[in-house]
Amino acid sequence: MTMLHLDAEALYLELRQGVRSLLRPEAVLVGVWSGGAWLAERLQRDLGLPGEHGVISSALHRDDFGSRGLSGAADHTRLPFEVKDRHIVLIDDVLYTGRTTRAVLNELFDFGRPASVTLAVLVDRGGRELPIQPAFSAARVRLPATQRLRLARDAAGHFSFDLQTAQL
């Protein structure tokens with residue numbers, strides 16, 4: 001068995017540089033609930049961007065809604081700016097199949113038509129089922145389908161990863 005060691009804080013610094021290079025004038029950050037929202041919050045502060053970042057949930061547009069159901073706290077979308085004609089930098093922690101990104105794009109378009117949407121992720125784990133690719137990823141890893149990589153954040157706001165294996 002191979003152990004995966006990813007330094008989430010070091011990858012965050014890479015993501016910060018990558019996002020800086022993707023920013024256009026008047027661009028806004030939108031983080032995917034929950035790990036992407038944590039990243040967007042910290043990026044907003046560390047990059048000294050004006051205003052507030054947005055947070056978006058995939059819950060209402062998931063294609064597995066029937067099997068997963070709706071969580072009690074499903075609607076975490078908060079977009080404190082006009083979406084129409086804005087350049088959106090969408091931030092997520094881990095990109096896998098692309099289905100969450102597709103659901104988030106549907107949610108985003110419920111608020112208006114952005115000028116552009118650019119995806120930046122902390123980790124791209126491959127395994128895409130949809131034609132979605134990030135403009136920037138701090139790391140690319142391959143994991144078995146039975147493993148799940150999740151971003152964690154401690155009380156001081158420092159990032160780490162949890163690697164979980166599903167029981168068959």
Taking [Y]'s backbone N and O only, do any of them form a donor-acceptor pair with [X]'s side chain (distance below 3.5 Å, no angle check)?
X      : Y      : value
Arg125 : Pro144 : yes
Arg86  : Glu26  : yes
Asp92  : Leu95  : no
Arg102 : His61  : yes
Gln133 : Leu119 : no

In sequence, state the C-alpha distance, the side-chain angles, and the governing distance for Phe81 and Val30, and then conclude on side chain to side chain contact (heavy atoms under 4.5 Å, CB included).
CA-CA 10 Å; Phe81 42 75; Val30 175; 3.6 Å; yes
Please report the closest heavy-atom contact between [X] and [Y], naming both atoms and the distance.
X      : Y      : answer
Leu11  : Ala139 : CD2-CB, 3.7 Å
His87  : Ala115 : CE1-CB, 3.7 Å
Thr118 : Leu22  : CG2-CD1, 3.9 Å
Val89  : Val19  : CG1-CG1, 4.4 Å
Ser57  : Ala59  : OG-N, 3.1 Å
Gly112 : Pro114 : O-CD, 3.2 Å

Val32: which of Val55, Val94, Val104, Val121 passes side-chain contact (heavy atoms from CB on, under 4.5 Å):
Val104
Is the closest side-chain heavy-atom distance between [X] and [Y] below 4.5 Å?
X      : Y      : answer
Arg20  : Leu47  : yes
Asp162 : Leu149 : no
Phe136 : Leu15  : yes
Thr77  : Leu108 : no

Derivation and outcome, side chain to side chain contact (heavy atoms under 4.5 Å, CB included), residues Phe161 and Leu122:
CA-CA 11 Å; Phe161 286 108; Leu122 195 60; 3.6 Å; yes
Interatomic distance, [X] atom [atom1] to [Y] atom [atom2] [nearest 0.5 angstrom]:
X      : Y      : atom1 : atom2 : value
Leu90  : Leu105 : CG    : CG    : 6.5 Å
Leu23  : Leu29  : CG    : CG    : 6.0 Å
Thr101 : Asn106 : OG1   : CG    : 11.0 Å

Tyr96 six-ring face occupied by Arg128 cation (under 6.0 Å, within 45°)
no
Within 45° cone of Phe159 ring axis and under 6.0 Å: Arg153 NZ or CZ
no
Do Phe109 and Leu130 belong to the same hydrophobic cluster, where Ile, Leu, Val, Met, Phe, Trp and Tyr are linked whenever their side-chain heavy atoms lie under 4.5 Å apart, directly or via other members?
no
Taking atom types as modelled, find out whether His53 and Glu41 have a side-chain donor-acceptor pair closer than 3.5 angstrom.
no
Could you check whether Ser58 and Glu107, counting side-chain N and O atoms only, form a donor-acceptor pair closer than 3.5 Å?
no
Decide side chain to side chain donor-acceptor pair (under 3.5 Å) for Tyr12 and Asp46; before the verdict, give the C-alpha distance in whole Å, the side-chain angles of both, and the deciding distance to 0.1 Å.
CA-CA 11 Å; Tyr12 170 78; Asp46 291 353; 2.7 Å; yes
Using a strict 4.0 Å threshold on nitrogen-to-oxygen distance, state whether Glu9 and Arg16 make a salt bridge.
no
Report the C-alpha separation of Arg148 and Arg150 in whole Å, then their side-chain angles, then the decisive distance to 0.1 Å, and conclude whether the side chain to side chain contact (heavy atoms under 4.5 Å, CB included) test is met.
CA-CA 6 Å; Arg148 184 172 180 185; Arg150 296 187 58 174; 3.7 Å; yes
Report the C-alpha separation of Leu163 and Leu143 in whole Å, then their side-chain angles, then the decisive distance to 0.1 Å, and conclude whether the side chain to side chain contact (heavy atoms under 4.5 Å, CB included) test is met.
CA-CA 10 Å; Leu163 183 63; Leu143 295 173; 4.1 Å; yes
